[in-house]
Amino acid sequence: MSKEITARSQDYAQWYNDLVLKGGLADYSPVRGCMVIKPYGFSLWENMRDVLDRMFKETGHQNAYFPLLIPKSFFSKEASHVDGFAKECAVVTHYRLKNDPDGKGVVVDPEAKLEEELIIRPTSETIIWNTYKDWIQSYRDLPLLINQWANVLRWEMRTRLFLRTAEFLWQEGHTAHATSEEAVEETRRMLDVYADFVENYMAVPVIKGVKTPSERFAGAVDTYCIEALMSDGKALQAGTSHFLGQNFAKAFDVQFSNKENKLDYVWATSWGVSTRLVGALVMAHSDDDGLILPPRISPLQVVIVPIYKGNDQKSAIDGKVEVIVQELKAAGIRVKYDDSDNARPGWKFAEYEMKGVPVRIAIGARDLENNVAEVARRDTKEKSSLSLDGIAGNIVKLLEEIQQHLYDKALAFRKEHITEVDTWETFEKTLDEKGGFVSAHWDGTAETEAAIKERTKATIRCIPLNNPQEAGTCILTGKPSKERVLFARAY
RNA sequence: CGGGAUGUAGCGUAGCCCGGUUAUCGCGCCUGGUUUGGGACCAGGAGGUCGCAAGUUCGAAUCUUGCCAUCCCGACCA
């Protein structure tokens, strides 16, 4: 009633905002570009974080924490890194406030100016490499495999809830290796971890690829990425993994003695995913009734709603539900029994649909008599009657089925939206009318890439890994090309 | 940073053009009762720096100026 969601077909951006706000994931904050992540949204992020954290540890990484504030001078040490981030850094210049002598409120105390200004990290390469210099002396100290969970701040021109906020939460892995090959292997390994996570937990299919030089991370030799497709046909970079070569090692003088007792610079990687993934999740699966969350990371997997007349029925249902809840919990299911009295069943149904809870179980007196419950799945809205005997096992299966169905559906959508085109006319037409990824030949120059972006707003999302080699001619210039690349308009 | 829109209770809003009682209505909230298989109903009640600041005026939510914030669209970026 009071929580209507704008139809996706009517206004995609507003639909997205409605889902995030009314689905209880986040709120706007008093500061532009920042947001409050509410308990429900944070729980979702925690589930994502926990799975990733486990995966990082299984691949040999340890967590550490580096500080929020970075000496300004650190940033100037790696030239392209400065270019990439300088224009979006917040700077700390003072360390004290005082009462405004002219009246109410507080002002910055001009006497408390910092000798060296500090920047709030937009990413941590510089402070980390400055530290690694002290940690690494010998090949025996390598590889160094560190991850940190942190917040970062980038002063963005235009922000959107989860997709691009000024402050966001993320993890950043930073590793050091003795050889280039090993570092590249690490870069690719973590890309695989991301793809595994996004596909198998978030149920969002991704394309693994490498960025073109102009889309590369500031300071990287190669940037690998996973690209996902949203339901409006726009692409979204869901994760990146960078091979940094020796750029940061040289900038911060991180050398090690190899087995031959010769000094060499270490080889580096960095890789990250952020709360942006929450936005990706929202846009990948949801519909006009609200969020649709994949069971594996949904804060709640099952909600149980009682339907009763009078206290006698209520307590009979309570008793039965208590047993079911125990069974479901024993099966490892995150379940909530919502027996609150301040909303009626219909209201609860709508509410949990908006929040994307994968499965809803409704139990009334009639069901008790027949020893069944009404089970509704969020993804298809299908309802069925399930026997209460052995219900936990069936719910486990249903959750798996929902997880798979979400992935299959998203994959079918993506397949439908990768279009091979060979002429400029169809290239533009496809972007305008159909959206999605456009697979086309490109002459490999940054100039052509920029010209295409200028004309169509589409960027090269990536050159897919294991890309089939195929002779052709550039979509724009007609020059020879040896492979297709993926273009799309993107978030 | 350019263009557009908006700012009145937790949310959504009326009032503003044309200044004048105690700022409207709905949802939500609190109390009591009846209800409960798809967003219940009755009765009573609480809740407001009308974004902020100046100005005009006997009098400003309403007029003027400045500022702030948010959203959308665009250029830049995870």
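Worth saying up front: this structure is predicted, and the values here are computed from it rather than measured. In the text below, chain A, chain B and the rest are named by the order of the sequence lines, each starting its count at 1.
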Side-chain donor-acceptor pair under 3.5 Å between A/Ser231 and A/Tyr12, yes or no? yes
In Watson-Crick or G-U wobble terms, both distances under 3.5 Å, what is the partner of B/A46? none
Among A/Thr269, A/Asp222, A/Thr223, which one satisfies side-chain hydrogen bond (donor to acceptor under 3.5 Å, both in side chains) with A/His242? A/Thr223
Please compare A/Glu374 and A/Arg216 by the position of their nearest nucleotide in RNA chain B and report the one closer to 5'. A/Glu374
Classify the nucleic acid contact of A/Arg360 as base, sugar-phosphate or nothing, counting any heavy atom under 4.0 Å across all strands shown. base
Considering heavy-atom distances to RNA chain B, does A/Ala373 or A/Gly33 have its closest nucleotide positioned more toward the 5' end? A/Ala373
Ignoring the backbone of A/Lys309, work out which of B/C76, B/G39, B/U36 is nearest its side chain. B/U36
Between A/Arg344 and B/G37, is there a side-chain N or O to OP1/OP2 distance below 4.0 Å? yes
Between atom CD in A/Gln14 and atom C1' in B/G4, what is the gap in whole Å? 15 Å
Can you tell me, in whole Å, how much space there is between the C1' of B/C71 and that of B/G51? 15 Å
Tell me, yes or no, whether the heavy-atom count around A/Arg189 atom CZ, taken from other residues, nucleotides or ligands under 6.0 Å, exceeds 12. yes
Taking the side chain of A/Glu156 as heavy atoms from C-beta outward, which of B/A78, B/G38, B/G74 is closest to it? B/A78
OP1, OP2 of B/A75 versus side-chain N and O of A/Lys453: anything below 4.0 Å? no
For B/A9, which nucleotide is its Watson-Crick or G-U wobble mate, given both distances must be under 3.5 Å? none
Quick one about A/Thr212 and A/Glu449 (side-chain donor to acceptor, distance below 3.5 Å, no hydrogens or angles considered), yes or no? yes
Using a 4.0 Å heavy-atom cut-off across all strands, classify A/Leu236 as base, sugar-phosphate, or nothing. nothing
Select base, sugar-phosphate, or nothing to describe what A/Ala343 touches, counting heavy atoms under 4.0 Å on all strands. nothing
Can you tell me how far P of B/A40 sits from NZ of A/Lys348, to the nearest Å? 11 Å
Hey, what do you get for NE2 (A/His285) to CG (A/Leu293), rounding to the nearest 0.5 Å? 8.5 Å
At 4.0 Å (heavy atoms only), tell me whether A/Phe168 reaches a base, stays on the sugar-phosphate, or touches nothing. base
Under 4.0 Å, heavy atoms only, any strand: does A/Glu172 hit a base, just the sugar-phosphate, or nothing? nothing
Taking a pair as Watson-Crick or G-U wobble with both distances under 3.5 Å, which nucleotide is matched to B/C58? B/G20
B/C72 phosphate, OP1 or OP2: any side-chain N/O from A/Asn17 under 4.0 angstrom? yes
What's the gap between B/G33 and B/A23 when it is taken at their P atoms, as a whole Å value? 33 Å
